[in-house]
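Taking it in order: structure first as structure tokens, then the write-up.
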Amino acid sequence: MDKGYENERFEKLGIKASVAEKFRDFCKKISKSQSMTLLLMLEFFEDNGISPAESMGPRMETLESKISTLIKKRMNGMIAIMKDIEKSQTKPTVAMLYSLFEQTEPPKKKLILEKKYVEKKDKGFQEKSIPSKNKDGEWKR
């Protein structure tokens with residue numbers, strides 16, 4: 001018996017003998033009862049949004065076009081999600097890691113040194129200092 005349909009009564013359908021024979025052969029191929037085979041066929045057409053009267057072409061071009069449209073929409077959605085992840089998560093994280101592990105030293109400030117004048121004398125060079133203030137604020141030479 002068919003699961004879920006045990007208590008239902010049978011109905012008669014008026015179909016031609018040749019069609020009934022084909023249908024019974026098809027039911028045997030898929031190993032289902034006639035009721036379940038007909039139900040599966042109806043659900044297939046409803047779920048896929050196709051009509052049995054609609055021509056499918058030699059390679060089921062109609063179904064292929066519908067499936068390819070759905071796949072393209074899914075792919076565009078995936079691409080959008082990946083771009084968003086890259087922009088909001090990956091790039092900032094890489095920038096932070098790069099700045100942490102970057103081995104550049106901070107720029108060194110040049111020291112301000114006291115300038116000294118050099119005067120040339122017959123005996124050689126002699127250094128002379130510029131007057132400056134000491135710790136007490138007094139001028140020294």
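The first residue in the sequence is number 1, and the count goes up from there.
Atom CE of residue M41 and atom CD1 of residue I30 lie 8.0 Å apart, to the nearest 0.5 angstrom. To the nearest 0.5 angstrom, E86 atom CD is 5.0 Å from K91 atom NZ. The line from OG of S35 to CD of E11 is 10.5 Å long, rounded to the nearest 0.5 Å. Within the model, atoms CD1 of I79 and CG of D84 stand 13.5 Å from one another, a figure rounded to the nearest 0.5 Å. Separating the OG1 atom in T37 from the NZ atom in K29 is a distance of 12.0 Å, to the nearest 0.5 Å. In this structure, L100 CG and L97 CG are separated by 6.5 Å, a value rounded to the nearest 0.5 Å.
Residues F26 and L13 share a hydrophobic cluster, clusters being chains of Ile/Leu/Val/Met/Phe/Trp/Tyr side chains in contact below 4.5 Å.
Results of the side chain to side chain contact (heavy atoms under 4.5 Å, CB included) test with I71 over R74, K73, M75 single out M75 as the only residue that passes.
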task: Start with the C-alpha gap between C27 and K32, add the side-chain angles, then the distance that decides, and say whether side-chain contact (heavy atoms from CB on, under 4.5 Å) holds.
output: CA-CA 5 Å; C27 293; K32 297 283 184 186; 5.7 Å; no
